[in-house]
Amino acid sequence: MKADLFEAPDYYNLDDLLSEEHKLVRSAARDWVKRDVSPIIEDYAQRAEFPTQIIGGLAEIGAFGPYIPVEYGGAGLDQISYGLIMQEIERGDSGVRSTASVQSSLVMYPIWKYGNEAQRQKYLPKLASGEWIGCFGLTEPDHGSNPGGMTTNFKDMGDHYLLNGAKMWISNSPIAQRGRRVGKK
Ligand SMILES: Cc1cc2nc3c(=O)[nH]c(=O)nc-3n(C[C@H](O)[C@H](O)[C@H](O)COP(=O)(O)OP(=O)(O)OC[C@H]3O[C@@H](n4cnc5c(N)ncnc54)[C@H](O)[C@@H]3O)c2cc1C
């Protein structure tokens, strides 16, 4: 295992633009990356495996839904904090950052913004704690940059949805849980 000796020189004094809270949030993320990600990630990458043991740590540093309100289990932070957390994780590993930013921006945000109250209460706290991992399945094998051409479809069967189609490159999909429908908006 290789020690992560990263130090962040601040040549342009950008830290002056940050609040004490921003720096604390960043420092927690940086320490966690050095301790729990950098030493193991190369080995996992070579084996094409996701280190599921780091999910709890991602939740602890507030990487799942940093700006989601505390009442829904989020960290209640601002967007700058979200960016700082992602920057630190990205330095350690881009894939781990994808896990966190997909969960935050593509899974939790739409539920918070467009979901009904029952959906928010059911999904957000468990997504924030890392108990549940979500994913966002846009890309299809024959239609990557062209969402308008996608062929995957679903039918509302009353008590469940029937999904037909194929997806690829979907971050988190190998470890994401299956959800059940909760009410209608
Ligand atoms: C690590 C990783 C994680 C990902 N996670 C997710 C995820 O969680 N969810 C998800 O839905 N997707 C995910 N993706 C998919 C990603 O969003 C797609 O790769 C992206 O949409 C591009 O699609 P494509 O790879 O099929 O490339 P294509 O669409 O086949 O494009 C190939 C090339 O042609 C260019 N091109 C395409 N169309 C045009 C055009 N009309 N004019 C000019 N140039 C064009 C593109 O810029 C590109 O250079 C992930 C991809 C990666 C690599």
Side-chain angles (χ1 to χ4, degrees), residues 4 6 29-30 32-33 36-59 61-68 72-75 77 79 81-115 119-120 122-156 160-182 185:
D4 180 346
F6 175 70
R30 184 172 296 166
W32 175 77
V33 167
D36 287 0
V37 179
S38 304
I40 59 145
I41 205 64
E42 184 60 29
D43 179 47
Y44 275 87
Q46 292 304 328
R47 288 187 281 119
E49 237 183 75
F50 182 81
T52 47
Q53 73 274 19
I54 67 171
I55 288 174
L58 279 166
I61 61 164
F64 294 145
Y67 54 85
I68 297 290
Y72 297 119
L77 298 167
Q79 294 291 342
S81 302
Y82 180 29
L84 291 168
I85 295 171
M86 294 305 119
Q87 187 177 35
E88 292 301 320
I89 301 175
E90 177 77 33
R91 186 191 67 79
D93 184 74
S94 188
V96 175
R97 193 273 309 143
S98 284
T99 290
S101 62
V102 163
Q103 177 98 331
S104 301
S105 290
L106 301 181
V107 179
M108 296 177 75
Y109 179 77
I111 293 172
W112 175 51
K113 185 81 180 163
Y114 304 107
Q119 289 166 332
R120 286 186 194 137
K122 173 169 181 176
Y123 291 106
L124 292 176
K126 288 195 163 115
L127 289 163
S129 70
E131 190 182 333
W132 286 351
I133 295 295
C135 60
F136 177 83
L138 180 75
T139 302
E140 297 186 359
D142 298 321
H143 312 278
S145 305
N146 177 23
M150 289 180 185
T151 53
T152 296
N153 62 83
F154 72 88
K155 286 197 183 78
D156 191 342
H160 66 281
Y161 289 117
L162 180 63
L163 250 176
N164 273 313
K167 295 281 168 183
M168 67 183 292
W169 302 121
I170 310 305
S171 301
N172 291 352
S173 58
I175 55 170
Q177 280 79 16
R178 247 175 349 143
R180 285 199 304 138
R181 188 167 82 168
V182 191
K185 199 176 176 193

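Bear in mind the structure is a predicted one, so any value in this text is a computation, not a measurement. Every number for a ligand or one of its atoms is a count from 1 in the order of the listing.
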**Study point:** Test item: side-chain donor near acceptor, Y82 and S105, under 3.5 Å
**Key:** yes
Review point. In order of chain and number, which residues sit within 4.0 Å of ligand 1 by heavy atom?
Key: F136, G137, L138, T139, G144, S145, W169, I170, S171
Check your understanding: Any chance CZ of F154 has more than 12 other-residue heavy atoms, nucleotides or ligands included, within less than 6.0 Å?
Key -> no
Exercise for review: Decide yes or no for I170 and V102: does some side-chain heavy atom of the first lie under 4.5 Å from some side-chain heavy atom of the second?
Suggested key: no
Practice item. May I ask you to check if R30 and F6 form a cation-pi contact, with NZ or CZ under 6.0 angstrom from the six-membered ring centre and within 45° of the axis? Key: no
Study note, to complete from the structure: On a heavy-atom basis, the closest approach of Q103 and G134 is OE1-N, 2.8 Å
**Study point:** Under 3.5 Å donor-acceptor, E140 side chain and T152 backbone
**Key:** yes
